[in-house]
Visitor: 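After the structure tokens below, expect a handful of questions from me.
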Amino acid sequence: MKVLKFGGTSVGSAENIRNVSDIIQNIDGEKLLVLSAMSGVTNLLVELSGHIQQQNQPMIDEVLEALFSRHENEIELLFPSVEDRKYMFDMLQAELSELRHMADQIYSSETESSILTAGETILTKMFSFYLSTEHIENRWLNARDFMQVSNLENPNTERVGKLLQDQIESQDRAPIYVTQGFVRINDRGEISTLNRGGSDFTATIIGAAINASEVQIWTDINGLHNNDPRIVENTFPVAQLSFEEAAELAYFGAKILHPQTISPVIEKNIPVFLKNTFKPTDPGTCISAISEIKGLKAISAKDNITAIKIKSNRMLMAHGFLRKIFEVFDKYETAIDMITTSEIAISLTIDNITNLEPILGELQAYGEISVDRDHSIICVVGEGLIDDRGTPRLFEILDDVPVRMISYGGSNNNISLLVDTKYKAAALQNLNKKLFRRAFEASV
Ligand code: ADP
Ligand code: ASP
Ligand code: MG
């Protein structure tokens with residue numbers, strides 16, 4: 001079985017839904033489709049959840065109306081038959097009235113997640129019904145019945161696989177299954193999410209769960225580009241990445257992939273293909289265990305980074321000092337991304353600042369603390385990058401952009417720079433021209 005994930009833009013209109021239906025019919029074998037909500041819908045649901053929490057009835061009505069018309073337009077375009085439309089409008093009304101009733105309940109994190117994940121339910125019901133009206137045999141699966149993911153860092157894919165298999169076997173087999181991305185059931189048995197952009201992660205969790213032959217992630221761009229195309233001109237798709245390279249790029253901000261997308265498939269060696277829904281014949285990017293080409297592949301950037309410096313001329317080099325510092329972060333379950341040390345100071349970065357106050361409180365015992373907010377990690381990735389003769393050009397960036405920290409040599413395939421976010425765009429653009437001859441030639 002292949003797992004095919006289509007993102008918000010790919011299913012964002014009746015025309016695009018038809019296009020996706022054509023694409024899947026040209027792919028051989030059994031398929032399990034993981035679909036996002038229509039583009040813009042999850043953002044509306046985030047707004048709705050805020051208004052429900054505030055019990056702001058006029059705004060609740062306004063957003064529900066916007067959600068209705070967003071889907072109404074596409075239902076009208078997708079279903080010519082009056083009965084089919086009625087069936088879909090009844091489904092839509094039922095889903096929206098469930099959302100309306102959330103306002104009568106005590107607001108909890110489960111209420112929030114139930115609201116946020118409603119877009120996927122509506123869209124998968126529309127999509128599955130559309131396939132049926134086109135006489136394409138398929139089954140709709142409720143992801144809440146099998147996406148039991150307690151630990152976001154290390155999903156138990158065996159368990160998901162068993163529950164999913166039970167769902168598949170409880171009905172007649174079909175060549176196509178359709179299910180929702182983004183939603184999960186947490187360790188308390190409550191509806192929760194895989195965080196924004198999480199449908200990519202759903203696809204690879206399911207891929208590992210059912211030992212899929214491959215996972216295809218269909219989006220609105222022709223694969224993973226060598227740099228962020230929203231910020232930098234003259235970017236180009238990278239044809240092939242190793243799992244490790246793709247995992248680094250996703251973790252360090254390449255928006256095309258949810259940060260954790262790659263981890264579930266590495267152990268099972270399941271390739272992931274990134275493809276463009278609007279140019280299906282473009283090759284896109286293949287992510288697998290193979291890394292044929294060594295050297296620099298791509299650059300990404302992760303925002304909302306906080307740098308913490310601990311300065312202590314007495315204790316830093318003392319035996320056991322670093323362990324004590326790490327224990328503070330461990331106690332508050334806060335991951336450290338970058339770290340550099342000098343004779344008298346240690347600098348490190350975190351992105352989760354939920355427990356920043358108590359962490360700083362405890363660190364004060366070890367020295368003078370300073371904190372820099374609103375920084376970005378720029379991550380330069382490629383296997384064997386350190387040995388690439390062009391890599392030293394990276395350091396020419398120091399002429400133009402103030403760099404707060406550099407991490408070099410932690411692994412052979414990653415060099416990270418920490419800059420104030422206000423310099424991020426300049427740094428990405430600059431590095432693109434300095435490091436990629438192709439980008440440089442296109443720019444002159
Ligand atoms: P989907 O809704 O299909 O999940 P996303 O918007 O989450 O799509 O991801 C695709 C977008 O990611 C692209 O349109 C592009 O603007 C952005 N993006 C950021 N960095 C990269 C990159 N390195 N390569 C490709 N796309 C990127
Ligand atoms: N619809 C969800 C979001 O917008 C999940 C996803 O698209 O991957 O975050
Ligand atoms: Mg996405």
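Both counts, for ligands and for their atoms, begin at 1 and track the order of listing. Quick note: numbers below take in every heavy atom, side chains included, and nothing from hydrogens, waters or symmetry partners.
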Visitor: With a 4.0 Å cut-off on N to O distance, would you call Glu134 and Arg18 a salt bridge?
Guide: no
Visitor: For the side chain of Gln25 and the backbone of Ser21, is there at least one donor-acceptor N/O pair under 3.5 Å apart?
Guide: yes
Visitor: Report the nearest protein non-hydrogen atom to atom 3 (C) of ligand 2: residue, atom name, distance rounded to 0.1 Å.
Guide: Arg196 NE, 3.3 Å
Visitor: Under 4.5 Å between any side-chain heavy atoms of Met126 and Ile75, yes or no?
Guide: yes
Visitor: Are any of the N/O atoms on Asp200, whether in the backbone or the side chain, positioned under 3.5 angstrom from an N/O atom of ligand 2?
Guide: no
Visitor: How far is atom 7 (O) of ligand 2 from the closest protein heavy atom, and which atom is that?
Guide: Ser36 OG, 3.3 Å
Visitor: Distances only, to 0.1 Å: what are the N or O pairs between ligand 1 and the protein that fall under 3.5 Å?
Guide:
residue, atom, partner, partner atom, Å
ligand 1, 2 (O), Gly8, N, 3.2
ligand 1, 3 (O), Thr219, OG1, 2.7
ligand 1, 4 (O), Lys5, NZ, 3.0
ligand 1, 6 (O), Lys255, NZ, 2.8
ligand 1, 8 (O), Thr219, OG1, 3.1
ligand 1, 14 (O), Asp220, OD1, 2.8
ligand 1, 14 (O), Asp220, OD2, 3.4
ligand 1, 23 (N), His225, O, 3.2
ligand 1, 24 (N), His225, N, 2.8

Visitor: What is the closest protein heavy atom to atom 2 (C) of ligand 2, and at what distance does it sit?
Guide: Glu120 OE2, 3.4 Å
Visitor: Check the angle between the aromatic planes of Phe129 and Phe79 and answer parallel, tilted or perpendicular using the 30° and 60° thresholds.
Guide: tilted
Visitor: Could you establish whether Gly198 and ligand 2 come within less than 4.0 Å of each other, counting only heavy atoms on the residue side?
Guide: yes
Visitor: Indicate the atoms forming the closest heavy-atom contact of Thr117 with Ser113, along with that distance.
Guide: OG1-O, 2.8 Å
Visitor: Please determine whether a side-chain nitrogen of the Lys or Arg among Glu169 and Arg173 lies less than 4.0 Å from a carboxylate oxygen of the Asp or Glu.
Guide: no
Visitor: Can an N or O of Lys5 be found at a distance shorter than 3.5 Å from an N or O of ligand 2?
Guide: no
Visitor: How about Phe6 and Phe127: are their ring centres within less than 6.0 Å of each other?
Guide: no
Visitor: I'd like to check whether Gly8 has a polar contact with ligand 2, where a contact means an N/O of the residue lying under 3.5 Å from an N/O of the ligand.
Guide: no
Visitor: Could you tell me whether Arg100 and Asp61 make a salt bridge, using a distance below 4.0 angstrom between a side-chain N and a carboxylate O?
Guide: yes
Visitor: So does Lys275 pair up with Asp282, basic N to acidic O under 4.0 Å?
Guide: no
Visitor: Heavy atoms only, cut-off 4.0 Å: how does His258 contact ligand 2, side chain, backbone, both, or neither?
Guide: neither
Visitor: Step by step, work out the side chain to side chain contact (heavy atoms under 4.5 Å, CB included) result for Glu120 and Leu35.
Guide: CA-CA 7 Å; Glu120 273 71 12; Leu35 306 179; over 6 Å; no
Visitor: Quick one: which residue pairs count as a side-chain hydrogen bond (donor to acceptor under 3.5 Å, both in side chains) with a foot in residues 148-157, not counting sequence neighbours?
Guide: Gln148-Arg159
Visitor: Is it the side chain (CB and beyond), the backbone, both or neither of Ser199 that lies under 4.0 Å from ligand 2, heavy atoms counted?
Guide: both
Visitor: Would you check whether Asn195 has a nitrogen or oxygen atom less than 3.5 angstrom from a nitrogen or oxygen atom of ligand 2?
Guide: no
